[in-house]
Amino acid sequence: MSSSALPGFRDFYPDELARRTHVFRAWRAVAHKYAFVEYDGPPLEPLDLYTKKSGDEIVGQLYAFTDKGGREVSLRPEMTPTFARMVGAKASALRKPVRWFAIPQLFRYERAQRGRLREHFQLNVDIVGEASEVADAELLAVAVDIMRELGLTHEDVRARVSDRRMLNGVLETLGVTEAQRGAVYAVVDKIARQPREVSVEKLAAAGLSTALVERVLGLASGTSFADLRREFGEAPAAREAIARFARYLEHCDALGIGAWVTLDLSIVRGLAYYTGIVFELFDAKGELRAICGGGRYDDLLKAIGGADLPSLGFGMGDVVLGELLTERKLWPDFTADAIDFHLVAGNGAIARPYADALKLATALRGAGFSVAHGLNEERYKSQATRNQVDGAKKAGASAVVYFREDGAVEAMSLLGKMTGAATHAVDAGAALSGDAPTMQDLRRWLHEQRSR
RNA sequence: GUGGCUGUAGCUCAGUCGGUUAGAGCAUCGGAUUGUGGUUCCGAGGGUCGCGGGUUCGAAUCCCGUCAGCCACCCCA
């Protein structure tokens with residue numbers, strides 16, 4: 001028997017699952033707010049769905065194997081190929097723009113480290129069929145609004161945005177040849193992660209003059225959009241992309257996310273399939289990996305799904321996001337108010353058979369309350385009430401319920417101060433029979449206690 | 001896949017120069033004379049010292065291997 005999960009895989013204990021659910025809830029709530037609908041696909045796919053796009057060398061990073069029928073298969077490392085296939089298959093029938101999201105569990109076979117496991121959940125939000133940069137702004141707004149939903153502010157998280165077409169135009173204007181561009185992208189992409197000398201060396205090796213090297217490195221590290229526009233706004237190769245980017249930023253402002261957004265030309269997003277505006281969300285301190293990344297990939301659907309439609313999307317993983325929420329202490333207290341009532345043996349309980357406690361629990365549950373009680377009759381009768389009440393509080397009950405000496409059923413709030421706790425008594429017979437007005441009365445009282 | 005660092009209770013960590021039955025705090029569970037909540041007091045459970053081998057009269061401690069975690073590469077869909 002194995003004593004722990006496989007490396008890079010997680011067991012979700014209840015408090016951990018509560019955190020995961022909390023994140024999922026935020027994802028779904030915001031996605032719905034922006035009128036996206038949820039879809040899903042298979043976690044296991046034919047291997048060639050991934051090798052077709054990225055080549056065979058990717059296999060080393062895939063959780064791939066041969067199944068019992070001799071098929072080459074892989075656990076899905078990303079959602080986009082599945083998405084592209086699904087959209088491609090029904091492209092002509094789908095109303096455009098398509099606004100879909102999914103929360104797949106994704107897998108990759110590589111060494112696990114902080115923020116990077118072999119398994120994670122990733123929100124995928126995609127728009128298909130809209131080429132306008134309004135769609136790009138809307139997509140970023142979804143990502144940013146999720147940060148807000150989870151309690152993060154633009155002091156905590158920054159959205160860095162760029163546009164490949166714009167970077168391309170600027171490089172062309174500067175005289176970087178098309179042949180050199182791939183190498184320049186690679187350097188620009190990791191400009192913050194590798195020593196400056198290494199970047200200089202690599203650019204020089206690509207054939208850039210010393211002056212050009214300095215120019216490129218300067219632009220990629222912290223140029224504001226205002227400066228960029230002033231310098232290249234009229235350059236024929238860059239003019240159109242810069243004007244588009246300016247409109248994009250205006251849309252971002254209008255959507256209320258302007259304060260989160262910064263131009264960062266070093267955002268290249270790998271060297272993969274992105275064709276236009278790209279973005280990443282980072283924690284403001286820059287201590288963690290990217291929280292979220294995405295952008296426009298206008299040619300991908302044609303390559304994979306067959307439909308020639310402009311598309312854009314992003315992925316947001318649960319791991320780094322969770323680390324950030326932990327760091328900022330933004331997890332709610334999940335145990336608080338998890339249970340409505342906890343039955344305890346109060347005064348007069350001995351005169352009442354244990355079965356009455358179970359009947360009361362049943363009646364309360366029938367009325368929709370969440371009810372806990374001791375499962376051991378002996379202990380219910382023998383354990384000091386204060387210990388039972390203490391246990392109820394620790395279990396997250398909002399109130400305890402017990403039979404009073406005079407036969408009434410009394411609820412005592414566990415919320416607020418321990419001295420002078422609010423109590424509320426109802427007729428025992430009515431409570432045990434599940435009398436609707438009595439239950440409504442209790443519901444109103446509980447609601448009152450919680451909103452104090 | 002490569003390199004560095006670290007592995008003692010569920011968690012955070014002590015553990016002397018190698019010495020006999022490995023400890024503490026927190027957490028968990030039980031109790032403090034039929035009692036009404038977070039404090040306090042008493043008690044209990046919980047360990048193959050990551051695993052395997054070696055050196056030694058004797059190993060948590062020293063050596064080798066291995067596995068896992070963290071960090072940096074690689075990669076980032």
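Reminder, nothing fancy here: chain letters follow the sequence lines and each chain counts from 1.
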Atom pairs under 3.5 Å, N or O on each side, protein against nucleotides 26-32 of chain B: can you list them with distances?
unit_1 : atom_1 : unit_2   : atom_2 : d
B:G31  : OP2    : A:Gln383 : NE2    : 3.4

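Within 4.0 Å of A:Met412, counting heavy atoms only, lies at least one base atom of the nucleic acid. At a threshold of 4.0 angstrom between heavy atoms, the contacts of A:Ser413 include nucleobase atoms, whether or not backbone atoms are also involved. Contacts of A:Pro77 with the nucleic acid, taken as non-hydrogen atoms under 4.0 Å apart, include base atoms.
Screening residues 305-318 of chain A for side chain to side chain donor-acceptor pair (under 3.5 Å), with sequence neighbours left out, gives A:Arg10-A:Asp318.
Comparing B:A68 with B:A24, their P atoms sit 33 Å apart, to the nearest whole Å. For the C1' atom pair drawn from B:U66 and B:G30, the interatomic distance equals 42 Å after rounding to whole Å. When the P atom is compared between B:G53 and B:C17, the two are found 28 Å apart, to the nearest whole Å. To the nearest whole angstrom, the two P atoms, one in B:G25 and one in B:U33, are 24 Å apart. Annotation: B:U16 and B:A22 have their P atoms spaced 15 Å apart (nearest Å). Nucleotides B:U28 and B:C11 have their C1' atoms positioned 12 Å apart, rounded to a whole Å. Comparing the same atom, P, in B:G65 and in B:U12 gives a spacing of 28 Å after rounding to whole Å. For the P atom pair drawn from B:G45 and B:G10, the interatomic distance equals 15 Å after rounding to whole Å.
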### Task
Go through the steps for A:Asp340 and A:Arg365 under the test salt bridge (charged side-chain N to carboxylate O under 4.0 Å, His left out), then give the verdict.
CA-CA 10 Å; A:Asp340 295 323; A:Arg365 286 168 181 155; over 6 Å; no
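At whole-Å resolution of the value, CG in A:Asp390 and P in B:G37 are 9 Å apart. Atom CD1 of A:Ile267 and atom C1' of B:C76 are 13 Å apart (whole Å). Distance CD (A:Glu410) to P (B:U36): 13 Å, rounded to an integer number of Å. Between A:Leu47 atom CG and B:A77 atom C1' the separation is 14 Å, expressed in whole Å. Separating the CD atom of A:Glu78 from the P atom of B:C75 is a distance of 17 Å, rounded to the nearest angstrom. As rounded to whole Å, 11 Å separates atom P of B:G38 from atom NZ of A:Lys393. In this structure, the CZ atom of A:Phe83 is 17 Å from the P atom of B:A77, given to the nearest Å. B:G69 atom P lies 10 Å from atom CG of A:Leu6, rounded to whole Å.
Within residues 112-129 of chain A, the residues approaching RNA chain B are A:Ala112, A:Gln113, A:Arg114, A:Arg116, by heavy-atom distance under 4.0 Å.
For A:Val37, the side chain to side chain contact (heavy atoms under 4.5 Å, CB included) criterion is met by A:Trp100, not counting sequence neighbours. Legend: residues meeting side chain to side chain contact (heavy atoms under 4.5 Å, CB included) with A:Ala384, ordered by chain and number and at least two apart, are A:Arg386, A:Asn387. Residues passing the side chain to side chain donor-acceptor pair (under 3.5 Å) test with A:Glu45, sequence neighbours excluded: A:Thr82, A:Arg85. Judged as a side chain to side chain contact (heavy atoms under 4.5 Å, CB included), and not counting sequence neighbours, the contacts of A:Ala392 are A:His342, A:Ala397, A:Val400, A:Leu414. Applying the ring-ring contact (aromatic ring centres under 6.0 Å, His included) test to A:Phe245 and every residue at least two apart in sequence or in another chain returns A:Phe225, A:Tyr248. Residues passing the side chain to side chain donor-acceptor pair (under 3.5 Å) test with A:Thr275, sequence neighbours excluded: none. For A:Arg158, the side chain to side chain contact (heavy atoms under 4.5 Å, CB included) partners two or more places apart in sequence, or in a different chain, are A:His154, A:Thr262, A:Ala284.
Residues A:Pro104 and A:Arg76 have side chains in contact (heavy-atom distance under 4.5 Å, counting atoms from C-beta outward). By the 4.5 Å heavy-atom criterion applied to side chains, A:Leu150 and A:Leu330 are not counted as neighbours. Residues A:Ile103 and A:Asn124 have side chains not in contact (no heavy-atom distance under 4.5 Å, counting atoms from C-beta outward).
Sequence order on RNA chain B of the closest nucleotides to A:Phe107 and A:Gly8 puts A:Gly8 first from the 5' end.
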### Summary
A correct dot-bracket answer for RNA chain B, with pairs being Watson-Crick or G-U at under 3.5 Å, [ ] for crossing pairs and | for inter-strand pairs, is (((((((..((((.....[...)))).(((((.......))))).....(((((..]....))))))))))))....
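Residue A:Arg111 places its side chain closer to B:C70 than to any other of B:C70, B:A77, B:G35.
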Throw together a table of side-chain donor-acceptor distances under 3.5 angstrom for residues 21-31 of chain A, partners on residues two or more places apart or in other chains.
unit_1  : atom_1 : unit_2  : atom_2 : d
A:Thr21 : OG1    : A:Leu17 : O      : 2.8
A:Arg28 : NE     : A:Glu38 : OE1    : 2.8
A:Arg28 : NE     : A:Glu38 : OE2    : 3.3
A:Arg28 : NH2    : A:Glu38 : OE2    : 2.9

